[in-house]
Amino acid sequence: MPTGKLQIVPLGGLGEFGMNCMAIRFGDDIIVIDAGLMFPEAELLGVDIVVPDISYLLENREHVRGIILTHGHEDHIGAIPWVLSELNVPVFATEFTLAYVEDKLDEHGLLDDADLREIRAGQRFKLGPFTIHPIQVTHSLVDCVALAIHTPLGVLIHTGDFKVDPTPTDNRLFDLHAFAEYGKQGVLVLMQDSTNVERKGYTPSERAVRRKFDEVFAHTQRRLFISCFSSSIHRIKLATELAWQHGRKVCFMGRSMVNSAEIAEDLGYIEVPEGLVINPGEMRTLPPERVCVLISGTQGEPMSALSRAAVDNHKHAKIEKGDTVVLSSRIIPGNEKAIYRVIDHLFRREAHVIYDDGTTPPVHVSGHGSQEELRLIINLVRPKYFIPVHGEYRQLKLHAELAGAMKSSVGKVMLIESGDVLEIDEQGARKSGRITVGRVCMDSGSRTDVIEDLIVKDRRHLSEDGIVLPIIAINKHSGAIESAPEIVTRGFNVGDNGLMEGARQIVMDTLNQSSDEEKGDYGVIKEKIRADLKRYITKQTQKRPMIMPVILEI
Ligand SMILES: [Zn+2]
Ligand SMILES: [Zn+2]
């Protein structure tokens with residue numbers, strides 16, 4: 001009978017959306033699965049990203065053997081720069097995932113010091129007392145793996161994010177055999193993705209989107225804009241293939257889209273025939289029916305390429321009457337307003353807009369397995385203990401109920417949340433305590449610059465650098481600026497070197513250079529003013545006051 005204590009310690013992602021991070025400990029050895037971020041809610045002004053509190057790992061730093069990544073989505077790799085800057089341990093990931101990580105680390109000047117190790121589905125490796133077997137799974141991204149972790153007490157399986165897609169566009173199949181094989185041998189713990197536990201049936205294959213895309217390509221007369229997540233490699237592959245078939249040139253627009261397409265092409269996930277891709281500048285030299293633009297900004301992010309094109313503020317991407325814009329993504333809860341605002345602007349330009357409105361064939365399919373897929377994996381694996389992961393509490397709870405009803409396949413369901421310590425030994429499994437978890441807010445500019453917590457940040461900002469409120473009066477009906485902008489400051493030492501005069505001029509310039517549509521869209525205009533003023537004030541004073549534009553509707 002093996003002895004020892006196994007601990008499963010979720011640091012994020014269990015009971016919240018995003019920030020997936022899980023520590024597995026046996027004796028004095030810890031491995032970490034994923035280190036993701038969470039996108040902040042709108043009320044966290046000035047915060048760009050949120051990452052998990054890793055105090056537990058820092059307190060045990062000499063025991064941490066490495067971080068293993070399941071795939072390249074931000075909610076799984078987004079905290080890597082911050083984690084490595086605090087704790088430089090080896091990172092294990094598949095080729096494609098590593099390419100995203102390298103990009104990210106490079107951006108933060110951390111690449112040279114990082115110890116990155118490539119893993120492959122089907123190839124086992126050892127880390128401390130653990131032997132880890134990455135298993136190919138299918139998802140909305142490519143090169144994704146589940147992890148079977150052999151421990152002295154038994155095998156743990158962590159599914160990562162998955163759906164069971166029988167026809168993935170890259171033909172890399174979900175390795176159901178590996179799951180079944182483990183099921184035969186006996187599995188101690190199954191940790192499974194809870195995202196789509198509320199959906200009945202099966203999630204459609206990535207290929208389901210092809211029918212809709214075919215239709216769109218066949219019927220579009222003028223320019224075609226397709227917006228999807230830059231990580232939707234299956235979607236980018238499909239769009240470039242169809243563009244080629246339909247005699248359209250492809251233009252990648254938006255930094256993340258360009259980077260991602262480059263990585264996918266380098267690694268052979270998309271094929272780009274000679275002459276297919278054009279620069280944004282070349283667009284105007286081609287007739288509209290010869291152009292297909294893959295553009296970033298599906299979530300209505302105010303500064304994204306699509307948002308800017310929608311208000312006619314993009315140097316190259318002009319959307320005109322009769323153009324078609326496809327939003328091939330889901331609407332992430334919380335982003336509805338921003339997305340519908342962009343769609344509204346597109347309607348105003350008299351573009352055809354195709355978005356996920358529930359009709360079939362779908363313009364977007366989910367990357368996460370629905371109920372029948374979750375049941376399928378549970379039946380194959382037949383774990384002694386089942387732990388729902390990757391979801392808000394509601395989803396974890398429903399997933400626990402779904403598994404709990406499968407009495408012949410599941411020994412016991414353990415419902416745990418971020419911060420719980422689940423201990424397993426020869427006596428069984430139990431919650432044995434809590435560790436510190438939480439959210440760490442990161443400021444813009446550097447993703448390794450922590451804002452200890454928001455209140456601290458606000459107070460520090462206000463006490464050291466003060467606050468600047470540019471006040472702009474806009475006529476609600478005409479969109480005209482009613483008077484010169486006022487600038488009110490508190491706790492910010494203005495001096496009398498003409499700084500405020502300059503700041504007012506910056507605001508005026510920003511307003512003058514913006515279209516009426518942008519001025520009518522307060523989200524966009526506020527963000528533009530904030531960005532321009534911030535640049536100016538930081539340059540003039542080296543200070544970073546909090547800048548909060550206020551629009552008065554008159
Ligand atoms: Zn994912
Ligand atoms: Zn995820």
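In listed order, ligands and their atoms are each counted from 1.
Ring centroids of H150 and Y182 are separated by less than 6.0 Å, placing the two rings close together. The aromatic ring centroids of H390 and H76 lie less than 6.0 Å from each other.
When the N, O or S atoms of D75 are ranked by distance to the Zn ion (ligand 2), OD2 comes first. Residue-level check: among N/O/S atoms of D161, OD2 sits closest to the Zn ion (ligand 1). When distances from the Zn ion (ligand 1) to the N, O or S atoms of H71 are compared, NE2 comes out shortest. If you look at H139 and ask which of its N, O or S atoms sits nearest the Zn ion (ligand 1), the answer is NE2.
With R394 as the fixed residue, the salt bridge (charged side-chain N to carboxylate O under 4.0 Å, His left out) test singles out one of E417, E16, E198, E401: E198.
Contact annotation: H73 places an N, O or S atom under 2.8 Å from the Zn ion (ligand 1). Not one N/O/S atom of H368, from backbone or side chain, sits under 2.8 Å from the Zn ion (ligand 1).
Side-chain atoms of D143 and H71 form no donor-acceptor pair, as typed in the model, at a separation below 3.5 Å.
Using a cutoff of 4.0 Å between basic side-chain nitrogens and carboxylate oxygens, E372 and K200 are not scored as salt-bridged.
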